[in-house]
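Before any comments, here is the structure.
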Protein chains: 2
Amino acid sequence: MKNSFNLPQNKKKRVVIIGAGFAGLKLARKLINSPFQVVVMDKQNFHQFQPLFYQVATSGIEPSSISFPVRKIFQKHSNLHFRQTELLNIDHEQKYVITSNGPLSYDYLVIATGVTTNYFGSDNLEKYGLPMKTTAEAINLRNRILSSFEKAILTDDADKQSKLMSVVVVGGGPTGVELSGAIAEMRRYVLPKDYPELDFSRMKIYLYEASDRLLNGMSVEAGNKALYFLKELGVEVHLKTPIVDYNGDKVSLPDNKVKYARNLLWTAGVKGRFINGIPNEFWMRSGRIKVDSFNQLEGLHNVYAIGDISCISDDTEFENGHPQVAQVAIQQADNLARNILKGNKKKFKYKDKGSLATIGRNMAVADLPGVKFSGVFAWFLWLFVHLMAIVGVKNRFFIFVNWAQSYFSRDQSLRVLIQPYIRKKSV
Amino acid sequence: MKNSFNLPQNKKKRVVIIGAGFAGLKLARKLINSPFQVVVMDKQNFHQFQPLFYQVATSGIEPSSISFPVRKIFQKHSNLHFRQTELLNIDHEQKYVITSNGPLSYDYLVIATGVTTNYFGSDNLEKYGLPMKTTAEAINLRNRILSSFEKAILTDDADKQSKLMSVVVVGGGPTGVELSGAIAEMRRYVLPKDYPELDFSRMKIYLYEASDRLLNGMSVEAGNKALYFLKELGVEVHLKTPIVDYNGDKVSLPDNKVKYARNLLWTAGVKGRFINGIPNEFWMRSGRIKVDSFNQLEGLHNVYAIGDISCISDDTEFENGHPQVAQVAIQQADNLARNILKGNKKKFKYKDKGSLATIGRNMAVADLPGVKFSGVFAWFLWLFVHLMAIVGVKNRFFIFVNWAQSYFSRDQSLRVLIQPYIRKKSV
């Protein structure tokens with residue numbers, strides 16, 4: 001096989017990691033200075049900190065503050081190599097992957113490709129709904145929200161104005177809750193200052209959740225408290241209300257009810273992307289890959305899956321697989337790294353450090369082992385935990401400054417609507 | 001005329017300013033709390049600080065650090081109104097402008113639309129050359145440079161590698177000089193750390209200038225010193241060498257010489273965009289609008305042009321019009337504001353505060369009234385002047401931190417390649 005990846009030719013066994021998210025990056029870092037040649041592949045050249053996408057979408061922080069170039073992380077670690085390319089196919093018998101840049105052989109293959117938005121087969125929602133699973137999508141959300149208001153102020157048609165100003169958020173998980181809360185705070189503190197000519201009683205914020213509660217991954221108390229906080233902020237929360245259809249303008253609801261909004265933010269589901277070459281028997285519900293407690297694809301030689309896309313099927317404690325959250329991804333990477341390095345076989349055991357969700361300033365909910373609480377303290381804990389999790393001292397610092405500024409000024413200065421550059425003949 | 005702009009209906013005379021660049025924004029700010037209703041229109045919702053585009057393109061600073069939302073500047077000033085819309089046509093007899101959002105009448109019209117890239121009619125250069133006159137174009141440049149290196153490391157074809165790594169900059173003005181200098185510094189300090197597998201002797205940086213010197217707007221000494229600094233940094237500078245053609249891969253030069261590079265950065269010319277409704281006799285070379293010393297379009301009632309697009313034709317000191325720089329734009333806005341406010345007619349007189357250009361760390365040139373110098377001090381002066389010119393305390397602060405970090409670490413952390421979001425059916 002020709003060396004079209006420009007990797008050092010040596011005797012080292014090669015670990016190929018697909019994906020530079022929480023799982024893939026953690027694993028690579030654990031293998032620094034190991035006897036392995038580690039190749040990380042990703043379609044993007046940076047690690048993105050997904051928990052804060054919603055703040056990019058609501059102009060709270062900078063896209064680059066939650067993005068960190070993988071190469072910078074790998075600098076000075078001669079056994080770590082990053083390649084920006086796309087996985088096309090896996091040949092687990094010949095033990096190589098085929099990428100958009102050609103084939104690469106592996107000794108160990110680790111799939112950490114994460115999940116993407118799941119529209120559950122609805123073409124309309126996929127066509128008109130706005131996803132938020134990548135940095136670019138978060139920026140697109142920011143642009144959509146801002147440009148809707150720029151359009152609203154340019155019409156004197158009241159109906160059109162309220163359609164442009166109103167936002168529908170679908171999905172009562174952490175993302176949906178945090179997003180609708182943040183938008184409600186923009187309505188309260190920021191937007192009226194920017195658009196004094198607009199009547200904000202026309203701006204409705206709806207949150208729709210199909211199940212009977214918010215924050216399904218957390219405690220009932222947390223869900224109820226989140227509901228309370230959102231109502232405080234004036235978000236119209238509708239439980240047990242799945243979206244029937246959306247045409248970019250009209251939201252169709254059960255019992256022939258309808259609502260009108262130009263922006264529908266879809267956070268209601270995720271799925272793993274299908275990967276050619278992984279036998280069918282491994283694919284489970286919503287595109288997760290079935291693995292054993294060592295995160296290995298049983299029967300395939302040295303093929304592993306970790307993070308959101310993986311599903312450990314034989315952990316009786318988690319019958320539907322572990323929650324698809326950063327903590328699980330990081331701990332699985334940790335455990336797999338130890339198994340690969342030591343050659344031993346330690347089962348993955350999830351240590352739930354608890355979970356947090358924020359709704360707005362001084363409004364957060366926390367489920368920690370043995371203690372549940374909410375409000376100001378939970379909020380500061382949320383800020384601290386996320387700040388510490390950010391890659392890069394400067395990113396951490398910039399986010400802190402942005403947060404401090406918005407906290408005290410109840411404003412932010414990132415409402416810039418930078419449309420992507422499209423080459424066109426000038427006039 | 002229906003009020004499709006949602007402007008307060010009052011007796012105030014209306015000043016419509018087209019463009020929120022240095023000129024337009026300065027004028028608007030000078031009219032704060034004046035007896036006029038001021039409407040600023042721009043295609044973008046933010047003011048962009050053009051002098052630092054080249055640092056965005058070379059991953060030195062954040063796009064948002066040099067972008068500032070116009071609405072935030074106008075907050076709490078009830079006589080200032082921003083509208084994001086595009087100018088289509090001017091009717092100077094009926095005294096209204098037609099925009100993509102419909103017509104708006106004016107009492108005073110000020111054109112401050114600036115200039116765009118001028119390819120001098122070459123379709124190929126327009127098609128394959130990379131411009132840098134907007135924030136989005138600067139981001140696009142950053143993405144192009146970074147992705148070229150990601151591609152280079154994925155091929156073992158030496159020719160293809162050097163084509164991908166090499167950069168051609170066209171135009172020896174401040175932008176071309178600063179851009180090629182910054183890229184040369186990336187080659188020296190940053191890129192080899194990111195791409196240890198690449199042979200950087202294959203990365204060539206060419207700067208082509210048609211005239212016989214660099215920095216034509218500045219002194220001969222400054223031009224010579226810039227040339228010296230660029231050579232220090234290993235930039236191949238070619239004077240008296242106009243580009244003949246470019247096909248995205250091959251640069252055709254005089255005497256049938258050729259060079260190869262995938263990225264050609266075009267900074268060689270600017271022109272004003274044509275505006276329908278401005279009579280032909282006002283249009284001068286490279287799309288500048290002829291105005292008198294009061295920045296007025298002679299014969300049209302209360303129609304003015306300021307900044308880069310304007311050309312004061314009767315100032316004997318500047319026969320080809322004033323230099324198209326921020327200082328002129330700001331001073332013209334200042335003078336026009338006074339004339340409009342006081343109703344008097346003071347001629348515009350340009351006070352040249354001097355000019356600066358930076359080539360690299362500790363390398364800058366300064367022409368100040370009565371004194372010319374270069375080197376470290378000029379460089380710090382450049383940093384200081386630009387930092388102080390930035391809108392927004394936080395932007396200023398973030399840029400300072402970014403600069404300090406790169407200065408001491410000889411590195412930066414903004415090499416993120418965020419591709420624009422394009423809606424597509426997922427697999």
Side-chain angles (χ1 to χ4, degrees), chain A residues 2-8 44-46 62-64 67-69 71-72 75 78 81 83-85 101 116-117 126-127 134-137 139-140 146-147 150 153-156 193-197 273-274 392 394-395 397-398 401 405 411 413-421 423 425-427, chain B residues 2-8 44-46 62-64 67-69 71-72 75 78 81 83-85 101 116-117 126-127 134-137 139-140 146-147 150 153-156 193-197 273-274 392 394-395 397-398 401 405 411 413-421 423 425-427:
Chain A
K2 68 198 266 281
N3 181 19
S4 57
F5 281 81
N6 289 292
L7 295 165
Q44 301 187 124
N45 80 331
F46 56 92
E62 210 27 70
S64 67
S67 314
F68 201 85
R71 293 196 173 281
K72 201 167 153 52
Q75 276 180 8
S78 57
H81 307 275
R83 295 297 182 268
Q84 186 176 18
T85 182
N101 187 57
T116 180
T117 304
E126 182 161 359
K127 189 167 168 203
T134 70
T135 306
E137 287 171 355
I139 294 170
N140 177 63
L146 294 174
S147 61
E150 292 301 333
I153 206 165
L154 285 170
T155 176
D156 46 10
K193 279 188 255 162
D194 270 2
Y195 304 91
E197 301 93 336
R273 261 197 216 79
F274 182 76
K394 200 182 66 191
N395 286 348
F397 177 66
F398 278 11
V401 174
Q405 188 217 21
D411 193 2
S413 58
L414 295 172
R415 297 187 295 285
V416 291
L417 208 170
I418 302 175
Q419 296 289 11
Y421 162 77
R423 180 179 294 277
K425 300 278 289 179
S426 68
V427 189
Chain B
K2 67 198 266 280
N3 180 19
S4 59
F5 281 82
N6 290 292
L7 294 165
Q44 301 186 124
N45 80 331
F46 56 94
E62 211 26 70
S64 68
S67 313
F68 201 84
R71 294 195 173 279
K72 202 167 153 51
Q75 277 180 7
S78 57
H81 307 275
R83 294 297 182 267
Q84 185 176 19
T85 181
N101 187 57
T116 181
T117 303
E126 182 161 0
K127 189 166 167 203
T134 69
T135 306
E137 287 171 354
I139 294 170
N140 176 64
L146 294 174
S147 61
E150 291 301 333
I153 206 165
L154 285 171
T155 176
D156 47 9
K193 279 188 257 165
D194 271 2
Y195 304 91
E197 301 93 338
R273 261 199 216 77
F274 182 74
K394 198 183 66 191
N395 286 348
F397 176 65
F398 279 11
V401 173
Q405 187 218 22
D411 193 359
S413 57
L414 295 173
R415 297 188 294 284
V416 291
L417 208 169
I418 301 175
Q419 296 290 11
Y421 161 77
R423 180 181 294 277
K425 300 277 289 179
S426 69
V427 188

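Order of the sequence lines sets the chain letters (A, B, ...), proteins ahead of strands, with each chain counted from 1.
Top candidate by heavy-atom pairs under 4.5 Å with chain A, chosen from B/Ile153, B/Leu146, B/Thr135, is B/Ile153. Of the residues considered (B/Ser78, B/Pro8, B/Ala136), B/Ala136 shows the highest number of contacts with chain A, using heavy-atom pairs under 4.5 Å. Counting heavy-atom pairs closer than 4.5 Å to chain B, the top-ranked of the candidates A/Asn101, A/Leu154, A/Val401 is A/Leu154.
Annotation: salt bridge (charged side-chain N to carboxylate O under 4.0 Å, His left out) contacts of B/Glu150 (sequence neighbours excluded): A/Arg71. Residues passing the side-chain contact (heavy atoms from CB on, under 4.5 Å) test with A/Gln44 are A/Asp42, A/Phe46, A/Gln48, sequence neighbours excluded.
B/Asp194 touches chain A through backbone and side chain together, each having a heavy atom under 4.5 Å away. With a 4.5 angstrom heavy-atom cutoff, A/Glu137 touches chain B via backbone and side-chain atoms both. In this structure, chain A has a heavy atom under 4.5 Å from the side chain of B/Ile139, while its backbone stays farther away. The parts of B/Gln84 that come within reach of chain A are both its backbone and its side chain, each placing non-hydrogen atoms under 4.5 angstrom from that chain.
The line from CZ of A/Phe398 to CD of B/Glu62 is 8.0 Å long, rounded to the nearest 0.5 Å. Of the inter-residue distances, the one linking A/Gln75 atom CD with B/Tyr195 atom OH reads 10.5 Å to the nearest 0.5 angstrom.
A/Thr155 approaches B/Asn6 most closely through the heavy-atom pair O-ND2, 2.7 Å. Taking every heavy atom of both residues into account, A/Pro196 and A/Lys193 meet most closely at CD-O, 3.6 Å.
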